[in-house]
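Just so you know, residue 1 is the first one in the sequence shown, and it goes up from there. Hydrogens, waters and symmetry mates play no part in the numbers below; they use all other heavy atoms, side chains included.
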Amino acid sequence: MAKRKEYIPSPQHWKEMYTNPSFGGMWALQDKVSIDTIKIDKGLLAYQNEVDHKQVLDMLVNFDQELWMPVLVNERNYLLDGQHRLQVAKQLCLKYIDIIVQRG
């Protein structure tokens with residue numbers, strides 16, 4: 001029986017997009033962060049919509065690691081963007097996910 005993955009790293013091109021010096025250090029990358037540390041306050045989400053379970057299923061069925069972007073959180077680890085990706089990670093039983101932290 002194959003062992004389930006605990007972590008799927010995001011491709012470097014997504015990480016570099018946020019850590020580009022032109023953003024003036026607004027974003028910080030953290031690799032392999034425990035999913036359990038990410039908190040949700042729907043009022044902080046970039047798009048205040050409910051998780052679309054059909055979209056999550058579609059992302060699972062058509063999973064492509066090249067499209068696996070880190071989720072965005074604030075400095076207190078509250079999710080800002082990526083609620084569907086977070087749900088996909090939970091459905092995959094991942095324990096860790098890459099995050100981009102918005103500073104300030």
Tell me, yes or no, whether the heavy-atom count around Lys5 atom NZ, taken from other residues, nucleotides or ligands under 6.0 Å, exceeds 12.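 Not more than 12 within 6.0 Å, no.
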
More than 12 heavy atoms of other groups within 6.0 Å of Lys15 NZ: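 Check passes, neighbour count above 12.
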
Please say yes or no: joined through hydrophobic side-chain contacts below 4.5 Å, possibly via intermediate residues, are [X] and [Y] part of one cluster?
{"X": "Leu80", "Y": "Ile100", "answer": "yes"}
{"X": "Ile8", "Y": "Val71", "answer": "yes"}
{"X": "Leu72", "Y": "Ile38", "answer": "no"}
{"X": "Trp14", "Y": "Met26", "answer": "yes"}
{"X": "Met17", "Y": "Val73", "answer": "no"}

For side chain to side chain contact (heavy atoms under 4.5 Å, CB included), just list the numbers for Trp27 and Gln102, CA-CA rounded to whole Å, side-chain angles, deciding distance to a tenth of an Å, and then say yes or no. CA-CA 5 Å; Trp27 305 99; Gln102 181 181 32; 3.3 Å; yes

Please report the shortest heavy-atom distance between [X] and [Y], naming the atom on each side.
{"X": "Ile97", "Y": "Ala89", "answer": "CD1-CB, 3.9 Å"}
{"X": "Ser10", "Y": "Met69", "answer": "OG-C, 3.6 Å"}
{"X": "Arg85", "Y": "Asp81", "answer": "NH2-OD2, 3.2 Å"}

Yes or no on side chain to side chain contact (heavy atoms under 4.5 Å, CB included) for Tyr78 and Leu45, after CA distance, side-chain angles and deciding distance? CA-CA 9 Å; Tyr78 278 97; Leu45 293 172; over 6 Å; no

With heavy-atom distances below 4.5 Å as the criterion, would you say the side chains of [X] and [Y] are in contact?
{"X": "Lys90", "Y": "Ile35", "answer": "yes"}
{"X": "Glu50", "Y": "Gln83", "answer": "no"}
{"X": "Phe63", "Y": "Leu92", "answer": "yes"}

For the CG atom of Asp98 and the CD atom of Gln30, what is their distance to the nearest 0.5 Å?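 Between atom CG of Asp98 and atom CD of Gln30 there are 10.0 Å.
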
Applying the side chain to side chain contact (heavy atoms under 4.5 Å, CB included) test to Gln91, which of Leu57, Leu86, Val56 qualifies?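 Of all the options given, the one that passes is Val56.
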
Ile99 and its side chain to side chain contact (heavy atoms under 4.5 Å, CB included) partner, picked from Leu29, Asp31, Asn77: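 Considering Leu29, Asp31, Asn77, a side chain to side chain contact (heavy atoms under 4.5 Å, CB included) with Ile99 is found only for Asn77.
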
Sequence neighbours left out, what pairs pass side chain to side chain donor-acceptor pair (under 3.5 Å) with at least one residue falling in residues 64-76?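 Found none.
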
